[in-house]
Amino acid sequence: MKCVTVDFDKCTGLGICESLAPDFFEVNDDGELLLLKAEISDTELQEVEEAVNGCPTEALKIVDQ
Amino acid sequence: MTEVRRLVVVGASLAGLRAVEAARKTGYDGEIVLIGAEEHLPYDRPPLSKAFLGAADESGALPEVPWFRTEETLRDELGVDVRLGAPATALDTDARLVTVGDDAIAYDALVIATGAHARVLPGTEGLDGVYPLRTLDDSLAVRDKLEAGARTVVIGAGFIGSEIASTARKRGLEATIVEALPTPLVRATGHEMGAAIASLHELNGTTLRCGVGVSAIEGDGKVERVVLADGSAIDADLVVVGIGVIPSVDWLAGSGLTLDNGIVCDENLWTGIPGVYAAGDVANWFNPTLGERQRMENWTAAAEQGAAAARNALDPDNAKAYGTVPYFWSDWYDVRIQFVGSPDADEVRLVDGDPASGGRWVALYRRGDRLIGALTVNGQTEIMKYRVQIMKGGSWDDALAFAETRRRAHEEKLAASV
């Protein structure tokens, strides 16, 4: 199963991931990223990959678990 | 069509790097040459006017250079022939050659990502303490002066200039911004919101002087004062010139590419000349998502266009259009400003918060009956919901209704927390 992980030391809550994969990511009122779910289905893989590539702080990763 | 055996990427910043990485991700195993004008390996620019200018931490260490990749990663893992320290000076699209110094580098496919360079104030060359802020070297020079406690004058109240003034204030230094136009940030955010955002400066102790030009920057070897058109003068040890950028296309004169506010490209980032694509700040492309021609100067577009241009250059028969809802952010004081979409609107409406109170606010931009843009100040949880709506071509009425729901929810949350 593929999962997405967030390095919260790198993340600054810019939110590009939320716009590309809103089922996975949401930035809260305080500007912190919430990971709504981690497990990625085959149909969701492309949008999560776009979110990973779109992250300006390289805080997101897809891992096999 | 001839098979691509050598991809040449001109420009070794974000768009160029992403072009190289995307090429390898597609499985392309031919040669890649990456040409960079600066001596430096690719580095990330947004921090250069923000965190990188900050003061040392408790251990005395200044913020680290935001390198993207090591030389080993580029050469060994990505198999890139990296050529740094000299710019490309000519392009021959018939012979498919890029000139760098005395070398003529042949290509089958070419991605041009030469970006843009800072506008300079004529007559300030050779005066110590006057810098643009575009490159790592610029940022290092500015940081040295801030470290020395420089009285800072920023010329131009755009995003870069505002970030620098904000950093100077954070360090407890005097900061003044001089802007020739009566209202800052109009091109990026429209008239009303430009004025609203600019009010953050006064709230945070930065002097903002709008509607007055600079008549001279004076000093004996090093800068001492900035003289304004109204005859007044501001003492300064550091002057940062943030008056915009110019697409770096001089080297393409006579190449046959169409040059007009950058390199003119279609929706596939194709220049119209076989094998030649453009990406990043230098690309003036047709954005199918918004239905308008744009040249972006932001991180997201550079990253995505670099990758898209490389994929299309390697497989033009299956080229895919690159469309996006533009996004940029800027950090001033402890405020995050975020904008999605286009400021070219028929109406701008404040839907939540109040700029005069300096807290948090949300403004929406209407074009016809469509939502075309959104601006938030400290509205990190709001902004991307509007980006999704703009991507889907959402209506203005739906956006207003959504905004009202969000405003009420926020109000209730605040009331509950009191």
Side-chain angles (χ1 to χ4, degrees), chain A, chain B residues 14 17-18 21-22 25 44-47 50-51 66-69 298-304 306-308 311 324-331 334-341 352 359-360 374 376-392 406 409-410 413-414 417:
Chain A
M1 173 58 82
K2 285 190 191 304
C3 288
V4 63
T5 64
V6 183
D7 182 339
F8 287 99
D9 290 336
K10 290 184 178 170
C11 175
T12 65
L14 287 165
I16 293 168
C17 54
E18 179 181 340
S19 66
L20 298 171
D23 293 341
F24 287 81
F25 310 101
E26 184 176 17
V27 181
N28 71 11
D29 265 334
D30 298 323
E32 296 157 350
L33 183 66
L34 308 174
L35 187 60
L36 305 176
K37 64 173 179 175
E39 290 187 2
I40 309 165
S41 70
D42 291 347
T43 55
E44 294 167 327
L45 187 58
Q46 195 189 339
E47 65 180 81
V48 179
E49 279 178 348
E50 283 174 14
V52 170
N53 290 333
C55 177
T57 59
E58 303 193 336
L60 304 178
K61 245 189 222 158
I62 294 173
V63 295
D64 281 305
Q65 278 189 348
Chain B
L14 176 62
L17 175 70
R18 289 300 181 96
E21 292 183 331
K25 267 186 205 159
D44 199 22
R45 288 185 204 273
K50 305 180 180 76
W67 301 117
F68 276 126
R69 304 287 179 266
N298 66 58
W299 193 98
T300 310
E304 292 177 349
R311 286 192 294 262
T324 190
V325 174
Y327 168 54
F328 66 79
W329 77 94
S330 187
D331 297 329
D334 290 318
V335 175
R336 174 159 283 175
I337 299 158
Q338 292 169 290
F339 187 89
V340 294
D352 195 356
R360 153 193 181 280
T376 63
V377 171
N378 280 339
Q380 288 97 319
T381 193
E382 310 296 333
I383 190 73
M384 289 303 164
K385 296 172 175 72
Y386 294 108
R387 191 178 194 219
V388 173
Q389 291 184 28
I390 300 168
M391 271 178 205
K392 292 178 175 164
R406 300 287 300 177
H410 186 76
K413 198 176 153 199
L414 277 186
S417 67

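In what follows, chains carry the letters A, B, and so on, assigned in the order in which the sequence lines appear, proteins first and then strands, with residues in each chain numbered from 1. From a predicted model like this one, the values you see are computed outputs, not experimental measurements.
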**OP:** Count the heavy-atom pairs under 4.5 Å between each of Q380(B), H410(B), E21(B) and chain A, then report the option with the highest count.
**Re:** Q380(B)
**OP:** Check whether any side-chain heavy atom of F339(B) sits under 4.5 Å from a side-chain heavy atom of R387(B), and report yes or no.
**Re:** no
Original post:
Can you tell if the side chain of W299(B) reaches within under 4.5 Å of the side chain of R45(B), non-hydrogen atoms only?
Top reply: no
Subject >> Lys/Arg-Asp/Glu bridge criterion (N-O < 4.0 Å) met for R360(B), E382(B) >> reply: yes
**OP:** Spell out the residues in residues 52-65 of chain A that have some non-hydrogen atom less than 4.5 Å away from a non-hydrogen atom of chain B, in order of number; otherwise answer 'none'.
**Re:** N53(A), G54(A), C55(A), P56(A), E58(A)
Original post:
When only heavy atoms count and the cut-off is under 4.5 Å, which of residues 36-49 of chain A reach chain B?
Top reply: none
**OP:** Sort out for me which of Q338(B), R336(B), E304(B) touches chain A most, counting heavy-atom pairs under 4.5 Å.
**Re:** R336(B)
Subject >> Atom of V4(A), atom of F25(A) and distance for their closest heavy-atom approach >> reply: CG2-CZ, 3.9 Å
Subject >> Partners passing side chain to side chain donor-acceptor pair (under 3.5 Å) against T376(B) (at least two apart in sequence or in another chain) >> reply: none
Subject >> By side chain to side chain donor-acceptor pair (under 3.5 Å) - contacts of K385(B) (at least two apart) >> reply: E18(A), E26(A)
Original post:
For D331(B), is it the side chain, the backbone, both, or neither that has a heavy atom closer than 4.5 Å to a heavy atom of chain A?
Top reply: neither
Original post:
Is chain A contacted by the side chain of K392(B), its backbone, both, or neither, given a heavy-atom distance below 4.5 Å?
Top reply: neither
Original post:
Do L14(A) and Y327(B) come close enough that some side-chain heavy atom pair is under 4.5 Å?
Top reply: yes
Subject >> Sub-4.5 Å side-chain heavy-atom contact between S417(B) and K413(B) >> reply: no
Original post:
Would one find more than 12 heavy atoms of other residues, nucleotides or ligands at under 6.0 Å from atom CG of D30(A)?
Top reply: yes
Original post:
Given side chains that start at C-beta, do those of M384(B) and P22(A) come closer than 4.5 Å, heavy atoms only?
Top reply: no
**OP:** Please examine the side chains of F328(B) and T300(B), heavy atoms only from C-beta on, and report whether any two atoms are closer than 4.5 Å.
**Re:** no
